[in-house]
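Everything below concerns the one structure shown next.
Keep in mind that what you see is a predicted model, and the values were worked out from it rather than measured. Atoms considered below: every heavy atom in the structure, side chains included; atoms not considered: hydrogens, waters and symmetry mates.
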Amino acid sequence: MNQIRRQDDSPKRATNVSLAEALVTEARELGVNVSRACEEGLENAVRRERARRWQEENAEGFHSWNAYVEQHGLPLAEFRKF
């Protein structure tokens, strides 16, 4: 799975984003860097979507493994100490 590798000195691209006016006003009053907050939110959204897609793409493997464990038990279970 590809990782987002964000660096503060990475190239930036100007973009237009529509945000609630009151929220932007309050953020500025509180000294919140709006661009940075948007970037962090977008990073999180991308990370969640990548994870969701990975789980979806690998669902068959999860089901196969669970079926195996249900039928045969955990491999090496006899050596577990808990």
### Query
According to the salt bridge (Lys or Arg N to Asp or Glu O under 4.0 Å) rule, which pairs have a member within residues 51-60, sequence neighbours left out?
Glu49-Arg52, Glu49-Arg53, Arg52-Glu56
### Query
Is the distance between the ring centroids of Trp65 and Phe62 under 6.0 Å?
no
Check: residues 22-34 side-chain donor-acceptor pairs under 3.5 Å, at least two apart:
from, atom 1, to, atom 2, distance (Å)
Thr25, OG1, Glu21, O, 3.0
Asn33, OD1, Ser35, N, 3.1
Asn33, OD1, Arg36, N, 2.9

### Query
Just wondering, are more than 12 heavy atoms of other shown residues or ligands nearer than 6.0 Å to NE2 in His72?
yes
### Task
Give, for atom NE2 of His63 and atom CG of Asn58, the distance between the pair rounded to the nearest 0.5 Å.
11.0 Å
